Number of protein chains: 2
Amino acid sequence: MAPNKVITLNKIQIACQSCGLSNICLPLGLESDDIDRLDAIVQRNRPLRRGNHLFQTGEKFKSVFVVKTGTVKTYTQCPDGSEQVIGFHLPGEVIGLDGIELGKYICSAKALETSAICEIPFDKLEELTATIPNLQHQMFRLLSREISNDTSLMALLSKSTAEERLAAFLLSLSIRLHSRGFSATEFNLSMSRQEIGSYLGLALETVSRLFTHFQEEGILKVNRKYVEILDLEKLYALLSHQTVCLEKLRAP
Amino acid sequence: MAPNKVITLNKIQIACQSCGLSNICLPLGLESDDIDRLDAIVQRNRPLRRGNHLFQTGEKFKSVFVVKTGTVKTYTQCPDGSEQVIGFHLPGEVIGLDGIELGKYICSAKALETSAICEIPFDKLEELTATIPNLQHQMFRLLSREISNDTSLMALLSKSTAEERLAAFLLSLSIRLHSRGFSATEFNLSMSRQEIGSYLGLALETVSRLFTHFQEEGILKVNRKYVEILDLEKLYALLSHQTVCLEKLRAP
DNA sequence: ACCGATTTCTGATTTTGATCAACGATCTTT
DNA sequence: AAAGATCGTTGATCAAAATCAGAAATCGGT
């Protein structure tokens, strides 16, 4: 492999300064030179293919990761082999924060489609946060967001019907995709019915039936992975008597 | 009110250095002088009576709180007036971290019994974390713990039966009480069946029936709020095919 | 283009836990 | 101490979603 090939690859990689995600990602609110200092510790590895792992449960915690493109799911494994999906992560979202406490990852993370990932070694990040107050604050905010997102999801899981759960899931996706510049009403699901069901605490058959049902109601147009939201209002209405602050469901 | 009365009150209040919770609370891992600096920003207000609020949903986020004695519940209010319990918080546990992101509390917190609380103004805490790397790390750990606790609870809520949920709840309480120097097998619940049900996503009748059922199985001895665990092994066995790392359920 | 594997959809049946209802026990207030 | 309110228990019924089962559609690899 010729060295100039490597150089070319490096050039292709987008620096934080010119990354479209900088308004939702870690650099948010940083001065230009501070972004450069952050940029210097970010590792941009080759994209993951579908099914590849970022990390697995129990591995030593070394880095946090930010999705740049694609989708990543986090999950835990049951003793019987079945898996429990913890979350789906879109571009700009940080993964691995739950590993800080015990020094090892408590879940596994794998790509649902080809995904570019930024890796940030946590020891270096901590050195930076100690000298850049804005970055420290941004880290606190990020961790806090994770907590409040989880809180919303817990409320959803412990209170709602199957219909409300799927509605919340679709709206969350819609909101997050929209805030990343994608269509809010038309997207491809990168996860299976099984995975959605696991995430929402439902059987995959229930998820499938609900998609059909929403379609019959004129709320959605569904073709396997492809979803078009025809009536956002109805979807919101399904959640009207819900505890959860919608914007919080998995935003931004 | 005579000034010496105030002085006496101040003397009664326990400094972080001599607080029994220092091995699970924020000062964990700090040098002695750093603990003093932290101590200096901690506000020790008068104890809350049962039903009093620490903060309410939507209030401006100003401080995080640590339970010193007693129990606090966090909850959100549904549009229909019913409430959704988010968590129960024992001595040494930090509350309010979910307010950092948006600058306002996203849930309400009220005392379930007379409770002493330490209040830590967050702006001052951030100044300290910026200059005390160990404290910054401890804050990251604390926030991370909150996230991994929530992850475990989400897995519990989306996968398990009513029986498994209550077993997990009781074991979590047992473990946390034990690590605070209380009995692991004998305690008084400070929350109602209704509140347990809300937290676990179950109807209060289901909770009540399960207590009866566990008693018939010889697992518990229950008398209203008073619970004695007779067979810890059986309780653990109920969770054996559970995703959740038990120590993680709400530890330490 | 074909074959096997996986994923999705749909129907029938069952199960779990919610809901409705009533009653006894305990705590609070006067 | 009595009265009212709250809380916990228990029983009967009901409903939502899980499970079981099988067919149809799609995908992946050769």
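Below, chain A is the first sequence line, B the second, and so on; all start at residue 1. If you're wondering where the values come from, they're calculated on a predicted model, not measured in any experiment.
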Show each protein N/O and nucleotides 5-8 of chain C N/O combination with a separation under 3.5 Å, one pair to a line.
| unit_1 | atom_1 | unit_2 | atom_2 | d |
| --- | --- | --- | --- | --- |
| C:dT8 | OP1 | A:Lys225 | NZ | 3.3 |
| C:dT8 | OP2 | A:Arg193 | N | 3.1 |

For B:Ile106 and A:Ser148 the tightest heavy-atom approach is CD1-CB, 3.2 Å

Let me know the distance between CG of B:Leu210 and C1' of D:dT9, rounded to the nearest Å.
-> 13 Å

When the nearest nucleotide of DNA chain D is assigned to A:Asn223 and to A:Glu163 on a heavy-atom basis, which residue is associated with the more 5' position?
-> A:Glu163

Integer-rounded Å distance: D:dA16 P and B:Leu202 CG | 18 Å

To the nearest angstrom, how far is A:Phe211 atom CZ from C:dC9 atom P?
-> 8 Å

Could you check how far NE2 of A:His213 sits from P of C:dG11, rounded to whole Å?
-> 14 Å

Spacing of A:Leu189 atom CG relative to D:dT26 atom C1', expressed in whole Å | 16 Å

If we only count heavy atoms from C-beta on, is the A:Glu93 to A:Arg180 side-chain gap below 4.5 Å?
-> yes

Between A:Phe182 and A:Phe187, does the ring centre distance come in under 6.0 Å?
-> no

Determine yes or no for a side-chain-to-main-chain donor-acceptor pair under 3.5 angstrom, with A:Ser160 supplying the side chain and A:Leu156 the backbone.
-> yes

Rounded to whole Å, the CG-P distance (B:Leu112 to D:dC7) equals 12 Å

Can you tell me if B:Lys110 uses its side chain to pair, donor with acceptor, with the backbone of B:Val72 under 3.5 Å?
-> no

Between B:Leu166 (CG) and D:dG8 (P), how many Å, whole number?
-> 13 Å

Grab the NZ-C1' distance between A:Lys159 and D:dA16 for me, whole Å please.
-> 17 Å

When A:Thr212, A:Thr206, A:Val207 are each screened for side-chain contact (heavy atoms from CB on, under 4.5 Å) with A:Leu210, the one that passes is A:Thr206

B:Ile147 CD1 to A:Glu146 CD distance, which is reported to the nearest 0.5 Å = 5.0 Å

Can you name the atoms? Protein N/O to nucleotides 19-22 of chain C N/O, anything below 3.5 Å, with the distance.
| unit_1 | atom_1 | unit_2 | atom_2 | d |
| --- | --- | --- | --- | --- |
| C:dT19 | O4 | B:Arg209 | NH2 | 3.0 |
| C:dC20 | N4 | B:Glu205 | OE2 | 3.2 |

Between B:Phe55 and B:Phe65, ring centroids under 6.0 Å = yes

Across all chains, not counting sequence neighbours, the salt bridge (charged side-chain N to carboxylate O under 4.0 Å, His left out) partners of B:Glu119 are B:Lys62

Counting any heavy atom closer than 4.0 Å, what does B:Gly197 reach on the DNA or RNA strands: base, sugar-phosphate only, or nothing?
-> nothing

